[in-house]
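Okay, structure first, notes after.
The chains referred to below are lettered A, B, ... by the order of the sequence lines, with proteins before strands, and numbering in each begins at 1.
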Amino acid sequence: MPYDPARHGPRRIVGPGFHAAVHELVRAVPPGRVATYGDLAAALGNARVARHVGFALAAAPDDGSVPWWRIVAAGGRLARAGTAAAKRQTARLRREGVVVRGDRVADFGGRRWTP
DNA sequence: CGGCTGACGACCT
DNA sequence: GAGGTCGCCAGCC
């Protein structure tokens, strides 16, 4: 289906360096707080590229310089629930005082942080 | 240059 | 709630 502004809304270009831009934003999330993929995508100018935020995190260095564990899916859900990555994320969040029940962040409304 | 690969989100049945 | 569709596009080969 071709792009149709009436159906799909205004097209916005994310542009090159997207991963780096995501990493920058993620570094700004304070400890004990969480942000969503969609929020970061919106902050980057295109709410539809939430997926790419995820891809950018997958490519992020896992050395602590990018706190990827503070990024959750819409509604406070953990992405990739049940995987080893999700377990690691849960452990790291709890270490910061974030309560996680099952695959969800408790009190998501109060924990949510947006750029 | 073409094809493939994806940490999502909104919406539908 | 559970499961499927589709839009979205940078980065890597």
Side-chain angles (χ1 to χ4, degrees):
Chain A
M1 189 187 300
Y3 172 71
D4 178 356
R7 290 169 50 85
H8 305 135
R11 176 187 284 282
R12 294 191 197 144
I13 306 300
V14 173
F18 182 78
H19 285 194
V22 171
H23 299 171
E24 290 274 324
L25 275 181
V26 174
R27 286 189 190 104
V29 183
R33 305 293 298 279
V34 298
T36 71
Y37 299 92
D39 287 340
L40 298 185
L44 290 171
N46 188 342
R48 297 191 189 104
V49 298
R51 289 184 88 186
H52 275 274
V53 174
F55 304 154
L57 288 188
D62 192 16
D63 59 5
S65 65
V66 178
W68 51 265
W69 56 91
R70 297 178 191 143
I71 310 306
V72 299
R77 270 187 318 101
L78 297 190
R80 305 165 76 197
T83 66
K87 292 184 188 301
R88 241 172 46 231
Q89 181 170 21
T90 298
R92 293 196 183 224
L93 284 174
R94 286 181 173 156
R95 200 174 304 164
E96 296 183 346
V98 178
V99 179
V100 182
R101 282 197 317 260
D103 65 341
R104 284 199 174 246
V105 171
D107 187 28
F108 172 60
R111 292 287 184 181
R112 188 179 189 178
W113 180 92
T114 53

Review point. Pick from A:Asp107, A:Asp39, A:Val72, A:Val105: which one makes a side-chain contact (heavy atoms from CB on, under 4.5 Å) with A:Arg112?
Key: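 The single option meeting the side-chain contact (heavy atoms from CB on, under 4.5 Å) with A:Arg112 is A:Asp39.
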**Study point:** Nearest-angstrom distance from the residue atom CZ of A:Arg104 to P of C:dG1
**Key:**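 One finds 7 Å between P of C:dG1 and CZ of A:Arg104, rounded.
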Check your understanding: For the pair made of CG in A:Leu44 and P in C:dC9, what is the distance, rounded to whole Å?
Key ->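 Going from A:Leu44 (CG) to C:dC9 (P), I get 13 Å.
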Practice item. Using a 4.5 Å cut-off on heavy atoms from C-beta on, say whether the side chain of A:Pro61 contacts that of A:His23. Key: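 When only atoms from C-beta onward are counted, A:Pro61 and A:His23 do touch, with a gap below 4.5 Å.
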Review point. Does A:Leu44 reach the side chain of A:Val49, with side-chain heavy atoms less than 4.5 Å apart?
Key: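 With C-beta onward as the side chain, the pair stays apart.
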Review point. Which nucleotides of nucleotides 6-13 of chain B have their base under 4.0 Å from a protein heavy atom (B), which only their sugar-phosphate (S), and which neither (-), written as one string 5' to 3'?
Key: BBBS----
Point to revise | side-chain N/O A:Asn46 vs C:dC9 OP1/OP2, d < 4.0 Å | key: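 Result: yes.
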Check your understanding: Is there a side chain to side chain contact (heavy atoms under 4.5 Å, CB included) between A:Phe18 and A:Val53 once you walk through the steps?
Key -> CA-CA 8 Å; A:Phe18 182 78; A:Val53 174; 4.2 Å; yes
Exercise for review: Take A:Arg70 and A:Glu96 through the test side chain to side chain contact (heavy atoms under 4.5 Å, CB included) and record every step on the way to the result.
Suggested key: CA-CA 10 Å; A:Arg70 297 178 191 143; A:Glu96 296 183 346; 2.6 Å; yes
